[in-house]
Amino acid sequence: MLSEKFPGARWNWTEAPAVENHFATGLPQMDEPLQGGLPKGALAEIVCAGSGSAALIRELLVRAAGKNQIVTLIDGGDSLDVAPIEETVLSRLLWVRCRSAEEALKAADLVLRDSNLSLVLLDLKLNPQKQLRKIPATTWYRFQRLIEETAAVCLVFTPQAMVSPAQTRMILRSRFSLNSIESPAEALMQDLRLEISDARQFRERELLQNSA
Amino acid sequence: MDPEAANAIIQATAAAKKSGVAEGLTPAQAVARCSELKIRTRSPSQETAATEILLQTAGAFSPNIESTALGVCTLELKGLGLEEEPAACRWAEKIPPALAPFYLDAKIGIAPTPELALLAAQVEMGLSGGDGPSNSHLRRGVRWQAKRDTAFERQTTREIQSDGQQATASQSGVAATALQDLAVVSKVPKKRAFFLVQTADAFIAQLPLEALQPAPEIAAVLARWGIRTVGQFIALGKNEISERLGTEALGLFKRVSEDAIRPLKLVAPPEHFSEQIEFENEIETAGPLIFVLRRFVEQLALRLQARYLAVGEFHLRLGLASGAQYEHTFKIPSATGNVETLFRMLQTHLEMVRTDSPIVSLQLAAQPARPDLHQFGLFENTLRNPNQFAETLARLAALAGMENIGTPVLEATHKPDAFRMRRPDFDSVPGRDSEPKTTDGLPLRRFRPPLPAHFEFRGAYPALIRSRMFNGAVRGARGPFISSGQWWDDRRWAREEWDIETTEGSLLRIFRSSDGCFIEGVYD
């Protein structure tokens, strides 16, 4: 019973202490390829090539609330639908409703400096291309430096790949139909298609190929 | 200068007095005597604050204190275990450093009676020249050699060297023979910041008569009689003094009598902590205001810290030139005395403040609270640093507006997208009967406000949609779903909704109401 309550506890003094470098989302299609979950102290990007980003955000909110984890959602398009979400989930949510991508990035800069907020979702899916093109590339590198100090988890939802220093990049390729609108939550999560595109491993592979 | 007292000089520093400036002169007369003179206007609010600081600091050293006069506080030492001189010295030496952060220079006298203690403190003030900083140049390059015998502070001969000049002063007992000798002694760096009267008789005997501040008539009579010291004055005898000099002189006699142990009029240190200032010029920018505000935050934090308290709440009041006032209360999430945290909170707010008139006064009051002792739970994930979180919230509010930051709370209505935002409360963990569950159905990404659109219907179903973001034919539709509410008042609403799938694969929720046709959101 204790081992279930404290999965990370040591039962033998000779065991090395468990170091949690990942935030387990509870979604197998995310935790298994990422070897434990979203990396702490690093940026992760979800490229919303298909549908399902709102369902993923909602699922992350619910699973984080189950662990009493405070979640900060920086909503670049002010698009979160709060009505279907339980109050116990909403009570652990800090919702930052922004009107533009620029405002969302400024808010992210403030939030990532706060050591109290260790799970940050930055949603830029609905922001127009005109706003996203104006984001300097250095912004992401600055965010990476910030979260390295706080060991926070920062997941960025984008319409196309743009977070260069992201340690993890996943591509959402789900497609839903009219019949999916009333599907059970478990079925929707099973239909979620996430393709892992590990940016760092890709660059290392490229370097190896070039050197060969 | 006190503008309410005939606009005259009421107090002058030693350097000003040397230049010929005296009390009673008008500012023009004073400036004529010293062209580099700086005249400051008396500030009753700052005097009150200084008195409060004095009493609050004194309250940390003795439970029984008296507010004897403006800037004078008497402490009772009975029961504090300070009968031994070393203990009393150690106790007294802590007082000046406690007042120094508030820019208050303490002069301390310790004696068997309250009146003698006040006289001893005045002697101490005379020893220091009455103006510490101006004597600092004399203290450089000064060497003090003293011969001490076994008695406390009893010296026979001292040699004083100051900037190449030599002077020899001899003194006996705890007090010098005259204030002139004391003035010479004052050029020597003192080891102590207090004057302890060990033998009251010897102290009184050598005390100059001017220390009692007799009325001019009495002083003139005593001067004609050759009475120079208090000892000589007392030697006249109580009855003689009463008969020949009157009741006023008798009052002076009683002041220095060892039997004159009057009870202290005890006061409790004031419980309010407030700093305020009236600006000489109107303030139109935030820079000077923030400078003064930081100083106030430091002062208040120190005052509270001296009493082992922290700041629980700030109340800021800005007086405007138009006569109006701007007030704001800052609740500190976790009571703290950290100046940086408190100041940043005020500074972030002031950056957003806009007033119609310039600012003429500033008052900052602190509500004391016990410092927060946070017991972190084993299974809870609450805020580690509530003050940092409050600052983050304030900055987010300044960026996006307070109404766009927080935790959403659903309204008790069926109207779509009805919620309000409240300030987050993460310090407590909500009780739950079961694990939270994800609701069924594909969630919606809402457009706020809803996107205006034009629908073309074929029969009862939409067949074509045109809008800023979505255009094209409708492949499939479900609906209509009719909803309405609040039909009993002017907030009534009614709409027809459809869920549609376009030929491009977008899943949209559209609705038609009395206001027109809109796209509510996209299913994602």
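The chains referred to below are lettered A, B, ... by the order of the sequence lines, with proteins before strands, and numbering in each begins at 1.
- Under 4.0 Å is where a charged nitrogen must lie from a carboxylate oxygen, and between B/R446 and B/E520 at least one such pair does.
- Within residues 121-132 of chain A, the residues having any heavy atom closer than 4.5 Å to a heavy atom of chain B are A/D123, A/K125, A/L126, listed by residue number.
- Taking the six-membered ring where tryptophan is involved, the planes of B/H328 and B/H349 are essentially parallel, since the angle between them stays under 30° and well short of 60°.
- For a residue to count as touching a neighbouring chain, one of its non-hydrogen atoms must lie under 4.5 Å from one of that chain's; by this rule B/L444 touches chain A with backbone and side chain alike.
- Only the side chain of A/E86 comes within contact range of chain B, judged by heavy atoms closer than 4.5 Å.
- Looking at A/D191 and A/R175, no side-chain N of the basic residue comes within less than 4.0 Å of a carboxylate O on the acidic one, giving no salt bridge.
- Using a 4.5 Å cut-off between heavy atoms, A/L172 makes no contact with chain B at all.
- For the pair A/M162/A/Q160, a side-chain contact is recorded, criterion being any heavy-atom separation below 4.5 Å from C-beta on.
- The contact between B/F389 and chain A is made by backbone and side chain atoms together, counting heavy-atom distances below 4.5 Å.
- Side chains of B/L507 and B/V522 form no contact here, defined as non-hydrogen atoms less than 4.5 Å apart.
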Could you pull out every donor-acceptor pair under 3.5 Å between side chains of residues 401-413 of chain B and any protein atom, sequence neighbours left out?
| residue | atom | partner | partner atom | Å |
| --- | --- | --- | --- | --- |
| B/N404 | ND2 | B/A400 | O | 2.8 |
| B/T407 | OG1 | A/L93 | O | 2.8 |
| B/T413 | OG1 | B/K415 | N | 3.1 |

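- For B/A418, no part lies under 4.5 angstrom from a heavy atom of chain A.
- Only the side chain of A/I57 comes within less than 4.5 Å of a heavy atom in chain B; its backbone stays farther off.
- Looking at B/I500, only its backbone comes within 4.5 Å of chain A, counting heavy atoms on both sides.
- When the candidates A/L90, A/I181, A/D75, A/V62 are compared by the number of heavy-atom contacts under 4.5 Å with chain B, A/I181 comes out ahead.
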Which pairs would a plain distance check flag for residues 478-486 of chain B, meaning a side-chain donor or acceptor within less than 3.5 Å of a matching protein atom at least two apart in sequence or in another chain?
none

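- Under the side chain to side chain contact (heavy atoms under 4.5 Å, CB included) criterion, B/L464 pairs with B/E456, B/R466, B/A473, sequence neighbours left out.
- The pair A/K40-A/E148 does not count as a salt bridge, with every side-chain nitrogen at least 4.0 angstrom from each carboxylate oxygen.
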